[in-house]
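Only one structure is covered here, and it is reproduced in the block below.
Since this is a predicted model, take the numbers as computed values, not measurements.
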Amino acid sequence: MAEKNKNFALPRKNLLWIIAGFAVMVIGYILLCGGGSREASVFSPEIFSFRRLVLAPIVIILGCGLIVFAIMHRGKSNKDN
C-alpha cells in the first residue's frame, strides 16, 4: 500500500481557523436574508434595517478576514527539527 502523505499545505490549526471563518460568513449571510414583502406591490421598509445594512456586511468581512488570517498565519516554527 502507498504511504499516506501527511504534509499538507496548512496545519490542522489553520484549517480549523478557516472553518471558523466560513461559519462566521454563513452567520453574516443568514443575518442578511429575510424581510421581504408578501405582496410585490407593497413596499417593506424592513430591507433598510440596521441588521442588513451594517451588521451583516461587517460580520461577512470579519469572516473573510479570519480566513485570510488563517491562510497567512505561520505559527511558531520548531528550530530543533
Side-chain angles (χ1 to χ4, degrees):
M1 289 191 148
E3 187 177 319
K4 290 184 179 179
N5 187 4
K6 294 190 178 191
N7 294 328
F8 292 115
L10 295 172
R12 185 174 191 267
K13 186 175 181 181
N14 289 38
L15 292 175
L16 292 175
W17 280 107
I18 290 173
I19 292 170
F22 276 124
V24 170
M25 286 181 65
V26 167
I27 290 170
Y29 283 116
I30 289 171
L31 289 172
L32 198 58
C33 65
S37 173
R38 298 213 187 270
E39 297 179 25
S41 62
V42 177
F43 175 73
S44 175
E46 183 63 26
I47 62 171
F48 298 115
S49 69
F50 171 80
R51 180 180 58 132
R52 279 195 193 85
L53 290 179
V54 179
L55 185 63
I58 289 174
V59 172
I60 293 170
I61 290 172
L62 286 175
C64 290
L66 191 60
I67 292 172
V68 169
F69 168 77
I71 292 171
M72 300 300 286
H73 183 64
R74 269 188 148 199
K76 295 181 181 179
S77 62
N78 205 357
K79 300 275 184 184
D80 296 334
N81 292 336

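Listed here is the closest heavy atom pair of Leu31 and Val59: CD1-CG2, 4.2 Å. Of all heavy-atom pairs spanning Pro57 and Arg52, the tightest one is CD-O, 3.5 Å.
Clustering ILVMFWY residues whenever any of their side-chain heavy atoms sit less than 4.5 angstrom apart, transitively, puts Leu55 in the very cluster that holds Val24. Ile58 and Phe50 end up in the same hydrophobic cluster when Ile, Leu, Val, Met, Phe, Trp and Tyr side chains are linked at under 4.5 Å. Hydrophobic clustering, with ILVMFWY side chains joined whenever heavy atoms are under 4.5 angstrom apart, groups Ile47 together with Val54.
Not a single donor-acceptor pair under 3.5 Å links the side chain of Asn14 to the backbone N or O of Ile71.
For Leu32, the side chain to side chain contact (heavy atoms under 4.5 Å, CB included) partners at least two apart in sequence or on another chain are Tyr29, Ala56, Ile60. Applying the side chain to side chain contact (heavy atoms under 4.5 Å, CB included) rule to Leu53 yields the partners Phe48; only residues at least two apart in sequence or on another chain are considered. For Ile61, there are no side chain to side chain contact (heavy atoms under 4.5 Å, CB included) partners two or more places apart in sequence or in a different chain. Annotation: side chain to side chain contact (heavy atoms under 4.5 Å, CB included) contacts of Leu16 (sequence neighbours excluded): Arg12. Taking the salt bridge (charged side-chain N to carboxylate O under 4.0 Å, His left out) definition, one finds that Arg51 meets it with nothing, sequence neighbours left out.
Interatomic distance, Ile67 CD1 to Phe22 CZ, rounded to the nearest 0.5 Å: 4.0 Å.
Other members of the cluster containing Ile30 are Val26, with ILVMFWY side chains joined at under 4.5 Å, either directly or via other members.
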